[in-house]
Novice: 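This structure is in structure tokens; I'll ask about it shortly.
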2 protein chains.
Amino acid sequence: MESRCENCIIRQFNSLRAMSKEELKQVSDSKTVKTIKKGESLFQEGDKLNGVYCVRNGVSKLSKLSSNGKDQIVKLASKGEVLGQRSVISEESTNLSAIAVDDMEVCFIPKESINNTLQKNPNFTMEVLRHMAHDLKEADDVIVNISQKTVKQRMAEAFLYLKNNFGEDEEGYLALTLSREDISNVVGTATESAIRIISEFKKKGLIVASGKRIGIKDERKLLELVEGF
Amino acid sequence: MESRCENCIIRQFNSLRAMSKEELKQVSDSKTVKTIKKGESLFQEGDKLNGVYCVRNGVSKLSKLSSNGKDQIVKLASKGEVLGQRSVISEESTNLSAIAVDDMEVCFIPKESINNTLQKNPNFTMEVLRHMAHDLKEADDVIVNISQKTVKQRMAEAFLYLKNNFGEDEEGYLALTLSREDISNVVGTATESAIRIISEFKKKGLIVASGKRIGIKDERKLLELVEGF
DNA sequence: GGAATACTATGACAAATGTCAGTTTAGGGA
DNA sequence: TCCCTAAACTGACATTTGTCATAGTATTCC
């Protein structure tokens with residue numbers, strides 16, 4: 001297990017790649033590695049973060065509690081993603097909770113290291129900016145999807161998303177296994193509705209399921225469904 | 001009408017305030033002022049933008065067309081807001097259309113001026129970053145609202161939003177008058193549903209309406225509605 | 001191994017929302 | 001002014017989705 005940021009492959013996937021050797025050294029010296037068990041939280045909505053989390057392993061759900069008591073999952077973050085950046089940059093408390101869906105391993109980087117680099121290295125700042133621009137674009141897409149598509153379409157889309165972003169295991173099942181409740185919180189619907197639609201998709205041969213695990217069987221038809229037949 | 005950026009008050013509200021005098025001078029020399037009539041577009045989804053638009057007057061709706069043919073309005077931008085930044089920064093084509101809801105006056109700033117400053121002035125980059133972080137937080141809130149609240153709650157919220165962000169005229173009506181269709185596209189519902197709920201709110205004394213204009217009558221009750229009674 | 005607990009599943013029903021069809025109203029030109 | 005068109009509105013109905021109740025199934029923890 002490599003523990004120096006300078007040598008960490010994960011870094012290639014996020015904005016830390018724009019850091020200089022010196023800066024990385026400083027980050028590495030100040031960082032701490034944490035292990036988060038499935039179900040535990042990295043941080044909760046409303047927390048003031050004094051650093052960011054760089055995901056080494058596992059998956060975290062970023063969610064927000066609504067007034068009716070339900071969580072909405074806004075994003076699923078895995079290897080290479082940096083969590084908490086927004087909060088650190090705007091110096092506000094975070095608007096999302098981060099909870100481990102898997103067992104996770106993350107590096108905590110204190111905000112001083114980040115802010116320091118932001119001030120001194122324009123390349124790094126630009127890189128962070130580019131990432132944020134990308135996230136914002138994605139968020140717009142989510143808004144349009146949720147408001148203009150039916151639950152069924154969004155379910156289909158969610159499965160395709162899981163396949164494209166987290167891949168499949170050797171047996172062809174989605175590598176990321178979510179509970180039915182988590183799926184419903186990604187899609188933004190009632191758990192029962194999600195379960196019903198999963199049953200329907202199974203019957204129609206679009207997906208297969210064994211226990212919690214779900215596999216995509218007919219990607220083309222799922223895509224057609226998303227686009228509205 | 002002041003036409004030098006250095007003296008433009010609008011600038012105080014956006015990231016351009018972090019520019020140096022020299023930089024502002026350069027921006028001012030390269031900018032062009034444009035007048036956009038109600039209903040005309042600043043840019044369309046998919047366009048490659050070669051600059052950003054700084055809103056001086058009027059309001060623009062930022063929307064995205066969904067596969068079912070409906071527009072979803074993601075944001076309403078008014079005086080002081082800068083449009084197209086995301087696209088220019090990530091050098092991708094824009095994912096939103098910007099259409100004038102009012103007659104508008106905007107300054108077009110070529111991307112070279114922006115990119116030039118981004119590279120040389122870390123303060124400016126940080127300022128843009130902060131704005132983007134804010135927008136992203138807002139987008140998350142929209143996602144949660146749309147997916148977890150009923151249409152009625154979102155309608156109530158939309159009216160409060162319009163009041164808080166665009167204010168009221170002398171007679172107590174909302175200063176920004178949107179068509180029923182635009183309202184439904186902000187809320188993410190069918191136009192008929194929006195109209196029905198407006199009628200209901202009128203009957204219950206939550207709002208008043210005269211023609212297209214809508215006034216908020218019982219803010220407290222609207223708020224209670226948003227929070228789920 | 002077995003009880004306790006959480007998750008998955010299904011039916012029945014109610015509520016919310018969308019769609020279609022048609023009417024009324026308002027505002028902008030000729 | 002009056003017409004004409006677009007927008008606002010209303011009703012009836014179908015569909016979608018959520019809620020409640022309940023049962024089956026897996027998982028965990030002693």
Side-chain angles (χ1 to χ4, degrees), chain A residues 37-40 61 66-72 99 101 103 145-158 173-174 177-204 207-215 225-226 228-229, chain B residues 37-39 66-72 101 103 145-158 173-174 177-203 207-215 225-226 228-229:
Chain A
K37 291 220 187 73
K38 178 177 174 172
E40 290 179 354
K61 56 179 176 183
S66 75
S67 48
N68 67 8
K70 278 196 181 170
D71 269 331
Q72 173 68 32
I99 297 172
V101 173
D103 288 349
N145 276 334
I146 288 196
S147 67
Q148 303 286 9
K149 291 189 171 148
T150 66
V151 174
K152 213 173 287 184
Q153 289 177 304
R154 282 182 269 147
M155 285 287 291
E157 195 157 47
Y173 289 104
L174 293 172
T177 300
L178 294 174
S179 71
R180 303 296 194 250
E181 191 180 0
D182 279 342
I183 294 176
S184 74
N185 288 342
V186 168
V187 169
T189 188
T191 308
E192 294 94 325
S193 297
I195 290 175
R196 256 183 260 276
I197 290 171
I198 290 173
S199 299
E200 191 189 325
F201 283 2
K202 266 197 286 190
K203 256 183 225 152
K204 291 190 178 162
I207 61 174
V208 290
S210 111
K212 289 168 91 92
R213 295 190 306 164
I214 288 178
L225 192 61
V226 171
F229 313 112
Chain B
K37 291 221 185 74
K38 178 176 173 172
S66 74
S67 48
N68 68 8
K70 279 196 177 169
D71 268 331
Q72 173 68 32
V101 173
D103 286 350
N145 277 334
I146 288 197
S147 67
Q148 303 286 9
K149 291 190 172 148
T150 65
V151 173
K152 213 173 285 182
Q153 289 176 305
R154 282 183 269 148
M155 285 287 291
E157 196 158 47
Y173 290 103
L174 293 173
T177 300
L178 293 175
S179 71
R180 302 296 193 249
E181 191 181 1
D182 279 343
I183 294 177
S184 74
N185 288 343
V186 168
V187 169
T189 187
T191 308
E192 295 95 324
S193 297
I195 290 174
R196 258 182 259 276
I197 290 171
I198 289 173
S199 300
E200 191 189 324
F201 284 1
K202 267 196 285 189
K203 257 183 224 151
I207 62 174
V208 291
S210 111
K212 288 168 90 91
R213 296 189 306 165
I214 288 178
L225 191 61
V226 172
F229 313 113

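The structure displayed is predicted, hence computed values, not measured ones.
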Novice: Can you check the A/Glu200 CD to C/dT10 P distance for me, whole Å?
Specialist: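 It works out to 12 Å between those atoms.
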Novice: Heavy-atom nearest nucleotide on DNA chain D for B/Ala209 versus A/Lys70: which residue maps closer to 5'?
Specialist: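 Nearest-nucleotide comparison on DNA chain D picks B/Ala209.
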Novice: Are B/Val151 and B/Arg196 close enough, and set up right, to give a side-chain contact (heavy atoms from CB on, under 4.5 Å), and what steps lead you there?
Specialist: CA-CA 11 Å; B/Val151 173; B/Arg196 258 182 259 276; over 6 Å; no
Novice: Within this structure, what is the CD-to-P distance between B/Gln153 and C/dA15, rounded to whole angstrom?
Specialist: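 Checked: the CD to P distance equals 16 Å.
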Novice: How many whole angstroms separate atom CD1 of A/Ile197 from atom C1' of D/dT16?
Specialist: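 Those two atoms, CD1 and C1', are 9 Å apart.
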Novice: Do B/Met155 and B/Ile183 have side-chain heavy atoms sitting under 4.5 Å apart?
Specialist: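 Side chain of B/Met155 against side chain of B/Ile183, heavy atoms only: contact under 4.5 Å found.
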Novice: Quickly work out the B/Gln148 CD to D/dG18 C1' distance and round it to whole Å.
Specialist: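 About 12 Å, once rounded to whole Å.
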Novice: With respect to the side chain of B/Ile195, which nucleotide from D/dC20, D/dC9, C/dA9 is positioned closest?
Specialist: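 Among D/dC20, D/dC9, C/dA9, the one nearest the side chain of B/Ile195 is D/dC9.
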Novice: Would you mind reading off the distance between A/Glu192 atom CD and C/dA15 atom C1', rounded to a whole angstrom?
Specialist: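 Whole-Å distance recorded here is 15 Å.
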Novice: Roughly, in whole Å, what's the span from CZ in A/Arg196 to C1' in D/dT22?
Specialist: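 After rounding, the reported distance stands at 13 Å.
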Novice: Base, sugar-phosphate, or nothing for B/Ser179, non-hydrogen atoms under 4.0 angstrom?
Specialist: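 Result for B/Ser179 = sugar-phosphate.
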Novice: What distance separates B/Arg213 CZ from B/Ile207 CD1, expressed to the nearest 0.5 Å?
Specialist: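 The distance works out to 13.5 Å.
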Novice: By nearest nucleotide on DNA chain C, pick out whichever of A/Ser199 and A/Ser147 is the more 5' one.
Specialist: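 It is A/Ser199, whose closest nucleotide lies nearer the 5' terminus.
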Novice: Side-chain N or O of B/Lys202 versus OP1/OP2 of D/dC9: is the shortest distance under 4.0 Å?
Specialist: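 For B/Lys202, the contact criterion (side-chain N or O under 4.0 Å from OP1 or OP2 of D/dC9) is met.
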Novice: DNA chain D: A/Thr189 or B/Arg180, which has the more 5' nearest nucleotide?
Specialist: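 The answer here is B/Arg180.
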Novice: Within the side chain of B/Asp103, is there an N or O that forms a donor-acceptor pair under 3.5 Å with the backbone of B/Lys38?
Specialist: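 Judged by distance alone, yes, a pair lies under 3.5 Å.
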Novice: Calculate the interatomic distance between A/Met155 atom CE and D/dT17 atom C1'; express it in whole Å.
Specialist: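 In whole Å, D/dT17 C1' lies 13 Å from A/Met155 CE.
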Novice: In whole angstroms, how far is the C1' atom of C/dT8 from the CD atom of A/Glu181?
Specialist: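 After rounding, the reported distance stands at 12 Å.
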Novice: Please tell me if the side chains of B/Asn145 and B/Gln153 come closer than 4.5 Å, counting only heavy atoms from C-beta onward.
Specialist: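 Not in contact.
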Novice: Quick one: is A/Lys212 getting a side-chain N or O under 4.0 Å of the D/dA26 phosphate, OP1 or OP2?
Specialist: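 No, outside the criterion.
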